[in-house]
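Hydrogens, waters and symmetry mates are skipped; everything else that's a heavy atom, side chains included, is used. Both ligands and their constituent atoms are indexed starting at 1 by order of listing. Position 1 is the first residue of the sequence; numbering continues from there.
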Amino acid sequence: MNSPLKIHENYSLKHRNTLGLLASARYFVEVNSVDELPEVLGFARDKQLPVIPLGGGSNVVFGEFLNALVVHINLKGRSVLQRDQGRVVVRAEAGENWHEFVLWTLTNEAYGLENLSLIPGTVGAAPIQNIGAYGVELKDHFVSLEAMNIESGEIECFDRQAVCFGYRDSVFKGEKLDQYIITSVTLELDPVLRPKLGYGHLGDLIASRLDGEAPSALDISQAVCDIRREKLPDPSVIGNAGSFFKNPEISQELMDQLKKRYPNIIAYPVGAKWKLAAGWLIDQAGLRGVREGEVGTYQKQALVLVNHGGATGQNVLAFSDRVQQKVNEKFGIMLEREPRFYNGWVSSIG
Ligand code: FAD
Ligand code: NAP
């Protein structure tokens with residue numbers, strides 16, 4: 001028999017968000033089975049409280065008090081659904097740790113996620129912002145997901161079209177915001193390794209390590225982990241939520257103007273547009289490695305905001321406002337925040 005749900009009141013979230021912000025929730029519960037969700041949703045309905053699904057807390061900024069029921073999604077399980085010449089279809093439950101899941105796919109000779117190694121958080125949160133790194137995005141391998149409708153309690157299936165993936169974006173950040181709890185994700189992987197090494201110096205690093213020999217998937221994963229560990233702060237050492245702003249996409253016309261003024265600007269073509277490296281813009285605005293009170297930008301990557309110890313979500317937000325303002329003054333570009341901000345009853349995107 002399942003043990004009864006344990007709903008905690010006035011629960012500290014400090015160790016439930018990678019920024020390490022001091023915050024608490026009116027109620028908190030950990031869910032280990034989909035069967036527990038109806039009771040959890042019923043509790044929130046009775047209390048007239050919003051439900052906040054939470055995975056690893058690596059893409060959230062919490063205000064000091066959340067008058068909500070925070071539901072830690074701890075659903076576990078992963079399986080190979082189908083394997084043939086052309087593809088390997090795998091499914092994982094939402095609470096699986098993303099990086100452990102990636103390693104599991106590689107040991108099961110299912111390839112494609114190696115460049116997404118070491119992204120913190122859970123499988124269930126991965127579709128929310130279409131996680132991406134080193135030239136690969138979740139959408140490249142996505143088949144479908146299952147999610148419980150918070151209002152009706154029904155499980156619904158979303159295919160790739162229904163999720164409307166964009167750059168660090170999906171329908172769950174827009175039209176269907178706060179309406180679903182994702183319970184599982186199904187992906188299509190490749191039985192043959194097709195290395196994607198064109199991003200940054202990933203290819204050079206691997207070539208130098210293997211003396212030009214073809215890399216295995218684990219070689220690629222290891223190289224990605226090493227680059228990330230070198231450049232990004234470890235949340236267990238210094239609180240952060242990864243990139244705090246999205247890389248802005250701008251028109252060819254604006255790009256031409258900026259290129260004249262800033263010949264060294266870092267930009268990559270995306271269709272008819274250009275994607276600018278937001279970290280470079282922040283650096284050029286004089287804000288790399290700066291600190292204001294308990295909040296600052298990381299010395300090795302200005303795109304990452306860090307909590308030096310005692311910051312609140314409001315401190316982080318106020319600092320990020322100033323970063324946006326300074327970048328806007330210098331380049332005429334308004335950066336968009338990436339993590340989700342929650343405070344009191346009200347929550348907002350970006
Ligand atoms: P959480 O922070 O717990 O939640 C994020 C949002 O998703 C919240 O709004 C939450 O309500 C919602 N949510 C979570 N789980 C569910 C669910 N099951 N159902 C419905 N809604 C849910 N991101 C990248 O894209 N690429 C990177 O390379 C990358 N690198 C990072 C490096 C560091 C050091 C850090 C700290 C973060 C990085 N991130 C990166 C951001 C983050 O890891 C991802 O966005 C990740 O997918 C968040 O997972 P999570 O479980 O921690 O989500
Ligand atoms: P980086 O390699 O220094 O690159 C800076 C930015 O330029 C990146 O954000 C990236 O955009 C873009 N870029 C670099 N090379 C590119 C290429 N060959 N083609 C297209 N775009 C290119 O960035 P980093 O901070 O070390 O991060 C490395 C990767 O991990 C990036 O993909 C980044 O998105 C991801 N990452 C994400 C987070 C997060 O929280 N979202 C945190 C850490 C790292 P893209 O972001 O579009 O790749």
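Counting heavy atoms of neighbouring residues, nucleotides and ligands inside a 6.0 Å radius, atom CD of Q161 does not exceed 12 of them.
For the pair G132 and ligand 2, a heavy-atom separation below 4.0 Å is found. Using a non-hydrogen distance threshold of 4.0 Å, K246 does not register as a contact of ligand 2.
Looking at atom 32 (C) of ligand 1, its nearest protein heavy atom turns out to be R228 NH2, 3.3 Å. Of all protein heavy atoms, the one lying nearest to atom 11 (O) of ligand 1 is P53 O, 2.6 Å. Nearest protein heavy-atom neighbour of atom 53 (O) of ligand 1: A125 CB, 3.3 Å.
Taking only nitrogen or oxygen atoms, main chain and side chain alike, P235 does not reach within less than 3.5 Å of ligand 1. Considering both main-chain and side-chain atoms, P120 comes within under 3.5 Å of ligand 1 through a nitrogen or oxygen pair. Where the criterion is an N or O separation shorter than 3.5 Å, residue side chain and backbone included, G57 meets it with respect to ligand 1. Inclusion of I128 in the set of residues having an N or O under 3.5 Å from an N or O of ligand 1 is not warranted.
Interface of K231 with ligand 2, defined as ligand atoms under 4.0 Å from a residue heavy atom, comprises 1 (P), 3 (O), 23 (O), 24 (P), 26 (O). Atoms of ligand 2 found under 4.0 Å from any heavy atom of E338 (numbered from 1 in listed order, with element): 39 (C), 40 (O), 41 (N). Every atom of ligand 2 is numbered from 1 in the order shown, and the set under 4.0 Å from a heavy atom of S243 is 37 (C), 38 (C), 39 (C), 40 (O), 41 (N), 42 (C), 43 (C).
In this comparison of Y199, Y167, Y134, Y268, the heavy atom closest to atom 8 (C) of ligand 2 sits on Y199.
Contact annotation: for I119 versus ligand 1, heavy atoms closer than 4.0 Å belong to the side chain alone.
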